[in-house]
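All remarks here apply to the structure that follows.
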Amino acid sequence: MISLHQLRCFLATLEHGSFTAAAAELGLAQPSISEQVRLLEQGLNAPLFDRVGRGLLPTEAARVLRPHAERALTAVAEASRAVASVREVLEGTIRFGVFGTARLYLGSALVADVLRAHPRVRLELIGQNSMDVLRDLRHGRLEAAMIALPIADEGLQVQPLIRDEVVYVSADPLRVRKPVTAAELAAATLVLSEASWGNEDSTRRQLARAVQSTGSTLRPRIEVEDIETALEVAALGLADTVTARGLLHLLGDRLSPQLRWAPLRPRIYDEFAIVHRQGATLSPASQAIVAIAAARMRAVVPG
């Protein structure tokens with residue numbers, strides 16, 4: 001008989017490509033993961049992975065199984081939430097996924113809004129980058145999230161919220177006297193944030209496509225984790241950077257007076273959306289935080 005535990009082990013192995021990494025994610029021993037996958041293969045009478053060197057490659061059976069496994073785990077999570085909602089609404093823990101720079105767009109204001117409206121909840125805001133949040137959402141570890149687009153939206157319900165124009169930032173006034181083209185972006189000395197995610201990051205992907213259209217490759221001179229550090233490096237004149245125009249406004253007095261900005265040509269936008277699994281019924285608690293987060297985001301960056 002197929003168990004939920006087997007499906008969790010299977011999905012973690014599929015995501016990471018090895019039993020060892022899957023074990024680390026789930027907090028289990030590696031032999032336990034491999035045994036659960038073996039039992040699942042036995043129950044299905046089909047191999048799910050081909051062993052190649054030290055890694056694992058999914059078979060066609062694994063690819064067919066994946067959406068069914070995800071739906072099964074989601075259904076169980078929804079059943080648990082439905083039973084929990086019979087108890088007093090908006091009491092307990094709300095876990096909501098957020099994109100990396102949500103700390104600048106929303107920060108403590110979102111926490112204050114939620115606790116003011118629902119003082120009995122415990123709040124967890126999860127996420128350092130939209131790609132990590134998306135994986136947690138697909139694996140049922142989150143019920144809903146606010147993340148940056150574009151994403152692979154198969155099996156997901158996407159509710160667009162706002163978009164914020166990405167601009168070129170420099171301490172040299174001559175470099176921002178006019179809109180910056182993709183060719184100029186390709187030739188620039190850049191410091192970019194989201195170093196751990198690189199071109200998985202949604203803004204990076206858009207910049208990379210624009211630069212590729214000129215026959216070049218996006219190669220930043222410096223990579224850092226957060227946009228605040230990138231802006232500090234740019235203020236020193238060591239490199240230029242790009243960021244959302246709304247973030248420059250939100251940083252206010254924290255932004256160096258040395259910095260100026262110009263639009264990109266073609267224009268690029270950071271777009272944000274509320275995302276949850278397609279067909280899922282959000283719990284009252286998640287519905288509440290989605291409404292509050294969306295209202296707060298629209299207030300910060302209208303349109």
Side-chain angles (χ1 to χ4, degrees), residues 1-83 95 97 99 126-127 129-160 197-202 205 209 273-283 286:
M1 179 180 294
I2 296 174
S3 71
L4 294 174
H5 183 49
Q6 290 169 3
L7 295 178
R8 288 191 188 93
C9 293
F10 159 70
L11 287 174
T13 303
L14 186 64
E15 178 70 31
H16 294 287
S18 78
F19 294 133
T20 301
E25 178 185 325
L26 298 178
L28 299 171
Q30 186 269 349
S32 176
I33 298 292
S34 59
E35 175 64 11
Q36 291 303 311
V37 171
R38 186 190 68 78
L39 291 173
L40 180 59
E41 290 177 321
Q42 185 178 1
L44 294 170
N45 194 28
L48 296 173
F49 297 98
D50 291 325
R51 281 64 174 173
V52 179
R54 295 184 178 181
L56 300 172
L57 292 179
T59 64
E60 182 61 27
R63 286 186 281 270
V64 170
L65 176 61
R66 179 175 189 164
H68 298 285
E70 290 176 340
R71 283 195 294 270
L73 293 178
T74 299
V76 171
E78 288 180 10
S80 297
R81 287 190 288 266
V83 172
R95 301 183 81 245
F99 56 96
I126 310 295
N129 183 275
S130 291
M131 293 300 100
D132 277 355
V133 173
L134 184 61
R135 282 190 282 269
D136 283 347
L137 193 66
R138 289 191 180 279
H139 287 175
R141 292 188 285 267
L142 293 170
E143 192 178 357
M146 181 187 295
I147 61 179
L149 301 178
I151 60 169
D153 60 2
E154 182 181 0
L156 298 174
Q157 182 72 40
V158 179
Q159 175 194 340
W197 291 273
N199 283 348
E200 277 193 291
D201 177 67
S202 58
R205 291 203 303 272
R209 281 200 299 269
I274 296 292
V275 182
H276 59 82
R277 289 192 61 81
Q278 206 165 56
T281 301
L282 296 183
S283 66
S286 287

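As a basis for the values below, the full set of heavy atoms in this structure was taken, side chains included, without hydrogen atoms, waters or symmetry mates. Please read all numbers here as calculations on a predicted model, not as lab measurements.
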Review item, side-chain donor-acceptor pairs of residues 22-33, under 3.5 Å, at least two apart:
unit_1: Glu25; atom_1: OE1; unit_2: His16; atom_2: NE2; d: 2.2
unit_1: Glu25; atom_1: OE2; unit_2: Arg141; atom_2: NH1; d: 2.6
unit_1: Glu25; atom_1: OE2; unit_2: Arg141; atom_2: NH2; d: 3.2

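Under 4.0 Å is where a charged nitrogen must lie from a carboxylate oxygen, and between Arg135 and Glu15 at least one such pair does. Ion pairing between a basic and an acidic side chain is recognised when a charged N comes within 4.0 Å of a carboxylate O; Arg38 and Glu41 show no such pairing.
Between His139 and Leu73 there is no side-chain heavy-atom pair separated by less than 4.5 Å. The shortest side-chain heavy-atom distance between Gln6 and Val37 does not fall under the 4.5 Å cut-off. You'll find the side chain of Leu65 reaches within 4.5 Å of the side chain of Leu40, heavy atoms only.
For the side chain to side chain donor-acceptor pair (under 3.5 Å) condition, the pairs that include at least one residue of residues 57-67, sequence neighbours left out, are Glu60-Arg63, Arg66-Glu70.
If you take CG on Asp132 and CD on Glu200, they are separated by 8.0 Å, rounding to the nearest 0.5 Å. Annotation: the span from Arg138 atom CZ to Ile151 atom CD1 amounts to 7.0 Å, rounded to 0.5 Å. In this structure, NE2 on His68 lies 11.5 Å from CG on Leu7, to the nearest 0.5 angstrom. How far CG of Asp201 is from CG of Asn129: 5.0 Å, rounded to the nearest 0.5 Å. Here SG of Cys9 is found 12.5 Å from CG of Leu14. Values are rounded to the nearest 0.5 Å.
When every heavy atom of Phe99 is checked against every heavy atom of Ala148, the shortest pair comes out as CB-N, 4.3 Å. Heavy atoms only, all atoms of each residue included: Ala273 and Pro160 are closest at CB-CA, 3.7 Å. Contact record, Val133 with Gly127: CG2-CA, 3.6 Å, taken as the closest heavy-atom pair. Shown here for Pro47 and Ala61, the closest heavy-atom pair between the two residues is O-CB, 3.7 Å.
No donor-acceptor distance shorter than 3.5 angstrom exists from the side chain of Ser18 to the backbone of Gly55, with no hydrogens or angles considered. Arg205 places a side-chain N or O within donor-acceptor distance of the main-chain N or O of Pro150, the cut-off being under 3.5 Å. When atom types are taken as modelled, the side chain of Ser286 and the backbone of Leu282 share no donor-acceptor pair closer than 3.5 angstrom.
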Inset, instruction - With side chain to side chain contact (heavy atoms under 4.5 Å, CB included) as the test, would you mind laying out the steps for Arg277 and Arg71 before giving the verdict? - result: CA-CA 9 Å; Arg277 289 192 61 81; Arg71 283 195 294 270; 4.1 Å; yes
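Residues forming a side-chain contact (heavy atoms from CB on, under 4.5 Å) with Leu137 (at least two apart in sequence, or on another chain): Leu142, Leu156, Val275.
Ring geometry, Phe49 versus Phe10: the interplanar angle falls from 30° to 60°, so the pair is classed tilted.
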